[in-house]
Amino acid sequence: MIQSSVSITVRDVKKTFGAMTALDGVTLEFASGTMHGIIGSEGAGKTTLMRIILGLLKPTAGTVEFRRNTVRMDFEEIRPGVAYMPQSQSLYPDLSVAEHLDFFSALYGLPDDVYKKRREDLLRITRLEGFADRPAGKLSGGMYKKLGLMCALLRSPDVMLLDEPTTGVDPISRREFWELIYTLLDQGILVLITTAYMDEAERCGKVHLMENGRVVAEGDPRRLLEQERVRNFDELFLSRSRHA
């Protein structure tokens, strides 16, 4: 089922913390049905940007605009359709996978029939059917991340914000996690994902490279590499950051 079309515009956003500038005039367009990768090293401003989009931080200057099917909306109108997976998950180690899903279903107020179907679908696509009774504290790093994503996806969001979801995850689990994220695009969901892994940039539909609170390059991953005549995003990032 196709979700309603939600887009986000970040315009001239600045954020300072005392004398430190975390974001310096950032302007970005995020379209529905697209996986947007916000790529940059630690301290680039990725998490600050995501928290401003979510309304957890107020920008020092600039605006964030939300539109549903081209109609401008306040964030409070969009909020029920926004799911967020923070960098540090706060799951309950003593609760099982199934108990987490039950808890978040009750939190979101899902009808029993809707919850049952989504539960079955999520357990299947995450390949966690055989681990439903395992406590979160005894899951592997990759499984733990998948559980966090499942809890966020229960509400069937229009927008999914993932803050460095693959950090600290082994290569095989990283690949499986990306395969899971790709399934969201078939539903027309707007996906924003931050990562410090340059190799993950090529997995995105559109990338936005950030350094020191500024956007230093953005566009289709393959076209960017071709235009800059570089082999990978490590080389592109170094080239652009020198001139930022």
Side-chain angles (χ1 to χ4, degrees), residues 1-8 30-36 50 53-54 66 68-69 73 75-166 169 173-194 203-205:
M1 180 178 180
I2 301 298
Q3 307 289 117
S4 62
S5 174
V6 174
S7 61
I8 303 172
F30 301 119
S32 63
T34 303
M35 186 183 299
H36 291 266
M50 192 161 282
I53 291 172
L54 286 162
F66 301 87
R68 176 179 283 125
N69 301 327
M73 300 278 181
F75 180 66
E76 290 305 315
E77 297 175 280
I78 296 292
R79 184 191 293 275
V82 176
Y84 173 47
M85 184 175 167
Q87 190 176 110
S88 298
Q89 280 292 127
S90 298
L91 301 177
Y92 302 97
D94 295 333
L95 293 186
S96 68
V97 170
E99 288 169 335
H100 272 91
L101 296 177
D102 290 345
F103 171 76
F104 280 94
S105 172
L107 186 66
Y108 299 149
L110 297 180
D112 289 342
D113 58 335
V114 173
Y115 168 55
K116 183 179 180 180
K117 177 65 166 60
R118 288 183 189 168
R119 181 184 185 278
E120 291 176 354
D121 290 344
L122 289 170
L123 286 171
R124 174 178 48 80
I125 63 176
T126 57
R127 302 175 188 172
L128 291 180
E129 306 105 309
F131 303 92
D133 295 327
R134 181 172 296 186
K138 294 185 178 180
L139 296 174
S140 67
M143 289 180 178
Y144 189 88
K145 294 278 189 175
K146 288 179 181 180
L147 175 56
L149 184 59
M150 280 199 297
C151 292
L153 289 175
L154 270 177
R155 68 196 312 174
S156 190
D158 300 310
V159 181
M160 186 79 209
L161 285 80
L162 307 166
D163 194 8
E164 301 202 25
T166 58
V169 176
S173 294
R174 279 176 61 192
R175 185 185 66 214
E176 291 179 344
F177 196 91
W178 274 97
E179 291 173 354
L180 177 57
I181 297 172
Y182 286 144
T183 65
L184 305 180
L185 299 180
D186 295 334
Q187 304 172 44
I189 293 176
L190 165 57
V191 180
L192 272 64
I193 181 168
T194 69
R203 295 178 178 270
C204 302

Could I get the full list of side-chain hydrogen bond (donor to acceptor under 3.5 Å, both in side chains) partners for Thr34, not counting sequence neighbours?
none
A side-chain contact here means heavy atoms from C-beta on lying under 4.5 Å apart; do Leu128 and Leu122 qualify?
no
Test of understanding: with side-chain hydrogen bond (donor to acceptor under 3.5 Å, both in side chains), list the residues that count as partners of Glu99, not counting sequence neighbours.
Ser96
Under 3.5 Å, is there a donor-acceptor pair between the side chain of Asn69 and the main chain of Ser5?
yes
Tabulate below the donor-acceptor pairs under 3.5 Å that side-chain atoms of residues 109-116 make, not counting sequence neighbours, or state none.
unit_1: Tyr115; atom_1: OH; unit_2: Asp102; atom_2: N; d: 3.1
unit_1: Tyr115; atom_1: OH; unit_2: Asp102; atom_2: OD1; d: 2.5

Please assess Ile125 against Glu179 for the test side chain to side chain contact (heavy atoms under 4.5 Å, CB included), listing each intermediate value before the final yes or no.
CA-CA 9 Å; Ile125 63 176; Glu179 291 173 354; over 6 Å; no
Any sub-3.5 Å donor-acceptor pair from Tyr182's side-chain atoms to Arg203's backbone N or O?
yes
Once side-chain contact (heavy atoms from CB on, under 4.5 Å) is applied, do any residues pair with Ser7, and if so which ones, sequence neighbours excluded?
Arg67
Can you tell if the side chain of Cys204 reaches within under 4.5 Å of the side chain of His36, non-hydrogen atoms only?
no
Can you list, pair by pair, the side-chain donor-acceptor contacts under 3.5 Å of residues 144-155, counting residues two or more places apart and other chains?
unit_1: Tyr144; atom_1: OH; unit_2: Leu91; atom_2: N; d: 3.3
unit_1: Lys145; atom_1: NZ; unit_2: Pro165; atom_2: O; d: 3.3
unit_1: Lys146; atom_1: NZ; unit_2: Thr126; atom_2: O; d: 3.3
unit_1: Lys146; atom_1: NZ; unit_2: Glu176; atom_2: OE1; d: 3.0
unit_1: Arg155; atom_1: NE; unit_2: Pro80; atom_2: O; d: 3.4

Parallel, tilted or perpendicular, as decided by the 30° and 60° cut-offs, for the rings of Phe75 and Phe66
tilted
Is the backbone of Glu164 close enough, under 3.5 Å, to the side chain of Thr194 for a donor and an acceptor to pair up by distance?
yes
List the atom pairs, donor and acceptor, that lie under 3.5 Å between side-chain atoms in residues 131-141 and the rest of the protein, sequence neighbours left out.
unit_1: Ser140; atom_1: OG; unit_2: Met143; atom_2: N; d: 3.3

Distance check, rounded to the nearest 0.5 Å: Ile189 atom CD1 versus Met35 atom CE?
10.5 Å
Please name the pair of heavy atoms, one in Leu162 and one in Met50, separated by the smallest distance, quoted to 0.1 Å.
O-CE, 3.7 Å
Rounded to the nearest 0.5 Å, how far apart are CG of Leu161 and CD1 of Ile53?
6.0 Å
Can you tell if the side chain of Val159 reaches within under 4.5 Å of the side chain of Ile8, non-hydrogen atoms only?
yes
Could you check Leu192 against Met160 for side chain to side chain contact (heavy atoms under 4.5 Å, CB included), going step by step and ending with a plain yes or no?
CA-CA 6 Å; Leu192 272 64; Met160 186 79 209; over 6 Å; no
Taking every heavy atom of Arg174 against every heavy atom of Thr166, the minimum-distance pair comes out as CG-CB, 3.8 Å
Does a side-chain heavy-atom distance below 4.5 Å link Phe30 with Val6?
no
Rounded to the nearest 0.5 Å, the CZ atom of Arg175 sits from the CH2 atom of Trp178 at a distance of 14.5 Å
Taking only Lys NZ, Arg NE, NH1 and NH2, and the carboxylate oxygens of Asp or Glu, determine whether Asp121 and Arg124 approach each other closer than 4.0 Å.
yes
